Amino acid sequence: MIIIDRLCYCSKLRYVNAGEKSAFTVLTLAACILSRSCAVALFVLAATGVLTVYKGGLPLFRYLKLMSMPAAFLLLGTAAIFINISKVPLGAFAFSAGSYYITGSFQGLRQGAELILTALAGISCLYFLSLSTPVTDILTVLKRLHVPALILELMLLIYRYIFVMLKLAEDITVSQHARLGNRNLAASRKSFAAMVSSIFILSIRRSGQLYDALESRCYNGTLRVLPEDHPAKASEVFCIAVFELFLYLAVIFLKLSGGMP
Amino acid sequence: MTQNQKKLIAAAAVFSIAWGICPAANAMHIMEGYLPAGYCIAWGVLSLPFLVAGFMRIKKTLDENRRALTLLAMSGAFIFVISSLKIPSVTGSCSHMTGTGLGAILFGPCTVSILGLIVLIFQAILLAHGGLTSLGANTFSMAIAGPFISYGIYMLCRKCKLSRLATVFLAASAGDLFTYCVTSVQLALSYPSEAGGISASVLKFLGVFAPTQLPLAVVEGLLTTAIVLCLESYAKPELKSVGYLKEV
């Protein structure tokens, strides 16, 4: 139902220590954001691409399709950054529209290009994590970071019930369509509202049942689940450390040399 | 071809391209890696007091009544699910509700801030909507600003004795619109325009996202109204259990 969740359980990197993967993701992400240079972004894009597709065993086509998902935001948002409307034309290009110009400068174009690459590199880091680490593993990492138990418990239950409710929504939608509940816009709007409200009712009812079930199994305020333990391998930690060291040296070097290229 | 015909074709092309891009547009999540590091942290810090308040509120509710835990979890899952469902719209394109307006009306804005944070984390991980670095900014616009405005307007309209339908419609669509404005301001603060500074940049972002967000706000308002109507006629006991129908 949720494609990323399904893929991450099939990943070959699934049983690598979750702490390693999270640390790699966060550090690399930070490096991308801090440097905002095309070189670092391209390097990260290549590294995470290799890791996800080659090491993780994800089909390349799938990966590219996932990478193109946020394209709309990227195009619209970036266009808004480097296209200006002003009375004086700027350097790179200018079209006149009445007494104003639709214009942009080389500075803006470069900023836009850097932004697109940084954002793509960032999303590839995020994909590396979410396509190799199931949510339950991420929760164990968060637990070790001392996130309040209440939040983690809520997250676990919410994660569990997202799928139950999506299945409900799907079933209801199928049966509505079978009865031509989507024959025109007004009808489909009405069916949508009916569907959402019956999901609400069912979920409230189910939450009561869930609590009864928990209580009958001696629930006293904490949900206990057995964590799967996959200890970190020294070789992997070493590789990650070398990679991050190299990356941060590159970031520092680029900053000192004035942010070019 | 005359000049006018050319203009007409160009206009049609622009229109169709705009609609071509629209289908993928969802509620305005700022993408991973889109904000500079300083702004990521700043928005996170700004959201912190609201989140702490929400956390305290939830903790207090749970201390009084442990049963509320599963109810809260279900509400969170409910917000995630309604924000990931495709809603019926004119072009057959897929757009999504934010769901936070409905959440704020049903569960109260403080609770929704924490649930919204969790939903945003899952949206980033499971759907690649938004991201980890832009989590702070997204939390502020979607889980805090939108719900609080929705709830404020909802309360205000009830004071003014407006009809139920109008109240819910106004609250939901205003929450949606406000989220969209806040996101535009967030983007503009990070990327001020070279010609005209921050204010020009705000206008640009507002303009660029208007074609998708304005219809979405109206649709969200209509749907939320319909949902609340349905709920009020079929789900009185359930609404009482989440505290929505207490005073009625």
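We name chains A, B, ... by the order of the sequence lines, and we start the count at 1 in each one. Remember, predicted model here, so these are calculated numbers, not experimental data.
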Go through A:Met155 and B:Phe122 one step at a time and tell me if the side chain to side chain contact (heavy atoms under 4.5 Å, CB included) criterion holds.
CA-CA 9 Å; A:Met155 283 180 83; B:Phe122 282 144; 4.2 Å; yes

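Contact annotation for A:Leu168: neither backbone nor side-chain heavy atoms come within less than 4.5 Å of a heavy atom of chain B. Contacts between A:Ile162 and chain B at a heavy-atom distance below 4.5 Å involve backbone atoms as well as side-chain atoms. For a residue to count as touching a neighbouring chain, one of its non-hydrogen atoms must lie under 4.5 Å from one of that chain's; by this rule A:Arg206 touches chain B with backbone and side chain alike. Heavy atoms closer than 4.5 Å to chain B are found in the side chain of A:Ile138, but not in its backbone. Of the atoms belonging to A:Val135, it is side-chain heavy atoms, and not backbone ones, that fall under 4.5 Å from chain B. In this structure, the portions of A:Tyr159 lying under 4.5 Å from any heavy atom of chain B include both its backbone and its side chain. The parts of B:Tyr34 that come within reach of chain A are both its backbone and its side chain, each placing non-hydrogen atoms under 4.5 angstrom from that chain. Contacts of B:Leu117 with chain A are absent, with no heavy-atom separation under 4.5 Å from either backbone or side chain.
Across B:Ile227 and A:Ser197, no two heavy atoms sit closer than the pair O-CB, 4.2 Å. When every heavy atom of B:Val219 is checked against every heavy atom of A:Arg189, the shortest pair comes out as CG2-NH2, 4.2 Å. Residue A:Ile4 comes nearest to B:Ile125 through the heavy atom pair CG2-O, 3.6 Å, listed as atom of the first residue, atom of the second, then distance. Scanning both residues, A:Leu126 and B:Ala124, for their nearest heavy atoms gives CD2-O, 3.5 Å. Closest non-hydrogen pair, B:Pro36 versus A:Arg36, comes out as N-NH2, 3.5 Å. The two atoms that bring B:Leu132 and A:Leu129 nearest to each other are CD1-CD2, 4.4 Å, heavy atoms only.
In this structure, A:Leu115 CG and B:Met31 CE are separated by 8.5 Å, a value rounded to the nearest 0.5 Å. The CG atom of B:Leu229 sits 11.5 Å away from atom NZ of A:Lys190, with the distance rounded to the nearest 0.5 Å. A distance of 8.0 Å separates OG of B:Ser134 from CD1 of A:Ile33, quoted to the nearest 0.5 Å. Taking CD from A:Gln111 and OH from B:Tyr191, the interatomic distance works out to 7.0 Å, rounded to the nearest 0.5 Å. The line from CD of A:Glu153 to CG of B:Leu72 is 11.0 Å long, rounded to the nearest 0.5 Å.
Side-chain contact check for A:Ile151 versus B:Phe55: some heavy-atom pair is nearer than 4.5 Å. Under the 4.5 Å side-chain criterion, counting only non-hydrogen atoms from C-beta, B:Glu32 is in contact with A:Leu29. Counting heavy atoms from C-beta on, the side chains of A:Ile158 and B:Leu115 come closer than 4.5 Å. Counting heavy atoms from C-beta outward, B:Met74 and A:Ile204 have side chains that stay 4.5 Å or more apart. Between A:Phe200 and B:Leu106 there is a side-chain heavy-atom pair separated by less than 4.5 Å. Looking at heavy atoms from C-beta onward, B:Ser84 lies in side-chain contact with A:Leu166 at the 4.5 angstrom threshold.
Among B:Leu62, B:Leu69, B:Thr70, the single residue meeting the side chain to side chain contact (heavy atoms under 4.5 Å, CB included) criterion with A:Leu154 is B:Leu69.
A donor-acceptor pair shorter than 3.5 Å cannot be found between the side chains of A:Tyr211 and B:Arg66.
Between chain A and the options B:Leu203, B:Val81, B:Ile114, heavy-atom pairs under 4.5 Å are most frequent for B:Val81. Among A:Asn182, A:Ile201, A:Leu157, the residue with the largest count of heavy-atom pairs under 4.5 Å with chain B is A:Ile201. Here B:Ala128 is the residue among B:Ala128, B:Gly131, B:Ala188 with the most heavy-atom pairs under 4.5 Å with chain A. For the options A:Ser207, A:Gly208, A:Cys32, heavy-atom pairs under 4.5 Å to chain B are most numerous at A:Ser207. Comparing A:Val196, A:Thr118, A:Asp212, A:Asp5 by how many heavy-atom pairs each has under 4.5 Å with chain B, the most go to A:Val196.
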